Amino acid sequence: MMKPKLKILDVSASIGCNLSCKGCNHFSNYFAAGSKISTDALLDDLNKILPRIDIGRISVIGGEPLLNPRCEEILNACRSSSDSIVYLYTNGLLLLQNEKWIKRALEDPKIFLRISVHIPEVIDIVKKFNHPKVIVSEHHDNVDQWFYSIKQKDGKVYPYDHKNPKKSFYYCSCPNTQLYNGRLWKCPNSAFLNELLYVTDQENDLVWSEYKKQGLSVDCSDDQLKTFCDNSTNHESICNMCTSKPLKFSAAVQSKIKKKVIHV
Ligand code: SF4
Ligand code: SF4
């Protein structure tokens with residue numbers, strides 16, 4: 001039987017971040033650097049789900065994945081359970097502390113390193129790391145433009161409710177499947193919504209009820225997995241939470257949102 005296909009799978013090695021980029025499309029500007037995931041559970045999830053899907057690219061991502069001291073194990077599990085190429089994403093701040101194992105990992109022809117530069121200090125770190133397989137994306141120079149996928153007001157968050165989910169999906173900055181907390185999720189907004197509402201003290205806010213859809217368990221049937229993967233490139237009703245008219249701002253801004261520590 002042919003395996004179902006996914007273009008991209010994001011694997012959350014850490015949902016917390018040591019930066020707070022305004023408009024972060026994983027809501028990691030709300031999650032403190034000390035936030036924890038269960039790495040043992042994630043390694044089990046990877047072993048279960050990766051051999052069942054034909055994946056174009058796996059991204060080991062965060063938050064900041066290098067905040068997880070077992071990031072190398074996660075990267076290795078991605079490679080041993082899948083034929084996909086694997087990108088390790090980082091904001092670069094912890095790169096030199098992790099230089100030895102990352103350079104060892106980059107010897108694998110299917111592993112790449114992507115550094116997203118959000119603050120100018122990281123430029124020097126990239127130069128010192130000095131490796132030909134590094135791909136750098138620049139967000140620090142006020143050229144790149146981001147937007148809030150959902151509405152932000154007075155420390156609270158709200159669905160945009162533009163009633164045009166197809167157009168919202170068209171503008172979506174991260175329509176990538178997420179592996180988080182034992183489940184596959186359509187995108188970061190669905191994966192991390194509960195955690196976001198915990199930070200903003202809106203866990204019981206009825207305005208979010210229709211958007212709180214469970215992800216698909218990694219123990220799902222083959223039919224469920226096929227349906228999920230087949231739908232991954234389509235818009236869904238939950239896309240109504242996201243804007244269909246992006247209001248853009250510089251991606252270089254660090255926000256001052258009060259963060260909370262998240263524990264799985
Ligand atoms: S470094 Fe990346 S994960 Fe962290 S807040 Fe910025 S965009 Fe989000
Ligand atoms: S809900 Fe839809 S538009 Fe919003 S982030 Fe998810 S996939 Fe993208």
Side-chain angles (χ1 to χ4, degrees), residues 6-8 10-33 35 37 59-68 87-95 114-119 121-122 125 136-140 144-151 157-178 180 184-193 195-196 199 208 210-213 215 228 231-246 249-257 259 262:
L6 276 181
K7 270 205 280 197
I8 297 174
D10 285 356
V11 173
S12 291
S14 153
I15 70 167
C17 195
N18 45 5
L19 288 182
S20 300
C21 309
K22 181 178 173 181
C24 171
N25 65 13
H26 281 64
F27 299 144
S28 294
N29 48 339
Y30 285 89
F31 308 147
S35 299
I37 63 150
S59 301
V60 175
I61 197 167
E64 171 48 52
L66 298 182
L67 285 168
N68 186 330
Y87 275 34
L88 172 63
Y89 275 75
T90 175
N91 62 31
L93 282 174
L94 299 172
L95 199 54
R114 184 148 200 158
I115 305 174
S116 303
V117 181
H118 295 277
I119 55 171
E121 293 90 300
V122 172
I125 297 176
V136 178
S137 43
E138 315 258 357
H139 306 288
H140 60 95
D144 191 25
Q145 298 269 296
W146 283 5
F147 59 89
Y148 288 134
S149 58
I150 56 174
K151 208 186 287 179
V157 290
Y158 303 96
Y160 267 109
D161 192 21
H162 283 157
K163 306 201 186 312
N164 194 343
K166 189 175 178 185
K167 200 165 169 198
S168 298
F169 188 68
Y170 171 80
Y171 284 115
C172 181
S173 68
C174 191
N176 304 336
T177 302
Q178 309 290 307
Y180 173 60
L184 293 173
W185 305 80
K186 181 167 187 59
C187 60
N189 283 28
S190 52
F192 308 119
L193 183 60
E195 286 75 4
L196 175 66
V199 176
W208 282 107
E210 65 187 279
Y211 300 101
K212 289 183 179 174
K213 298 240 167 96
F228 177 93
N231 285 335
S232 65
T233 52
N234 299 329
H235 68 277
E236 291 183 17
S237 58
I238 56 165
C239 298
N240 191 43
M241 78 170 92
C242 291
T243 184
S244 65
K245 303 169 210 163
F249 46 75
S250 166
V253 181
Q254 290 292 299
S255 60
K256 293 193 175 63
I257 294 166
K259 293 182 166 194
I262 308 292

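Order of appearance sets the numbers: ligands from 1, and atoms from 1 within every ligand. Everything quoted here is computed from the prediction, not taken from an experiment. Just so you know, these numbers use all the heavy atoms, side chains as well, and skip hydrogens, waters and symmetry mates.
Contacts of C242 with ligand 2, taken as heavy-atom pairs under 4.0 Å, involve the side chain alone. By the criterion of a heavy-atom distance under 4.0 Å, neither the backbone nor the side chain of H26 is placed next to ligand 1. Contacts with ligand 1 closer than 4.0 Å are made by no heavy atom of Y89, backbone or side chain.
Below 30°, between 30° and 60°, or above 60°: for Y211 and W208 the angle between ring planes is above 60°, a perpendicular geometry. The aromatic rings of W146 and H118 stand perpendicular to each other, their planes meeting at an angle above 60°, with 30° marking the opposite boundary.
Near C17, the atoms of ligand 1 lying under 4.0 angstrom from a non-hydrogen atom of the residue are 1 (S), 3 (S), 4 (Fe), 5 (S). The F169 neighbourhood of ligand 2 comprises atoms 3 (S), 7 (S), with distances under 4.0 Å to a heavy atom of that residue. Less than 4.0 angstrom separates some heavy atom of G63 from each of these atoms of ligand 1: 3 (S). For ligand 2, the atoms closer than 4.0 angstrom to any heavy atom of C172 are 3 (S), 5 (S), 7 (S), 8 (Fe). Within ligand 2, the atoms closer than 4.0 Å to a non-hydrogen atom of C187 are 1 (S), 5 (S), 6 (Fe), 7 (S), numbered from 1 in the order shown.
Taking each of L93, N91, I119 in turn, the one with a heavy atom nearest to atom 1 (S) of ligand 1 proves to be N91.
Closest to atom 8 (Fe) of ligand 1, if we only count protein heavy atoms, is C24 SG, 2.4 Å. If you check which protein heavy atom lies closest to atom 2 (Fe) of ligand 1, you get H118 NE2, 3.9 Å. Taking atom 6 (Fe) of ligand 1 as the reference point, the nearest protein heavy-atom neighbour is C21 SG, 2.3 Å.
The closest approach between a heavy atom of W146 and any atom of ligand 1 is below 4.0 Å.
Note: F192 CZ to H26 NE2 = 5.5 Å, rounded to the nearest 0.5 Å. Remark: C242 SG to K245 NZ distance equals 14.0 Å, nearest 0.5 Å.
Looking only at atom types and distance, the side chain of N189 has a donor-acceptor partner in the side chain of S149 under 3.5 Å away.
Residue V117 forms a side-chain contact (heavy atoms from CB on, under 4.5 Å) with just one option from I125, N91, V136, and that option is V136. For the pairing with L6, the side-chain contact (heavy atoms from CB on, under 4.5 Å) check across N176, T233, T177 returns one residue only, T177.
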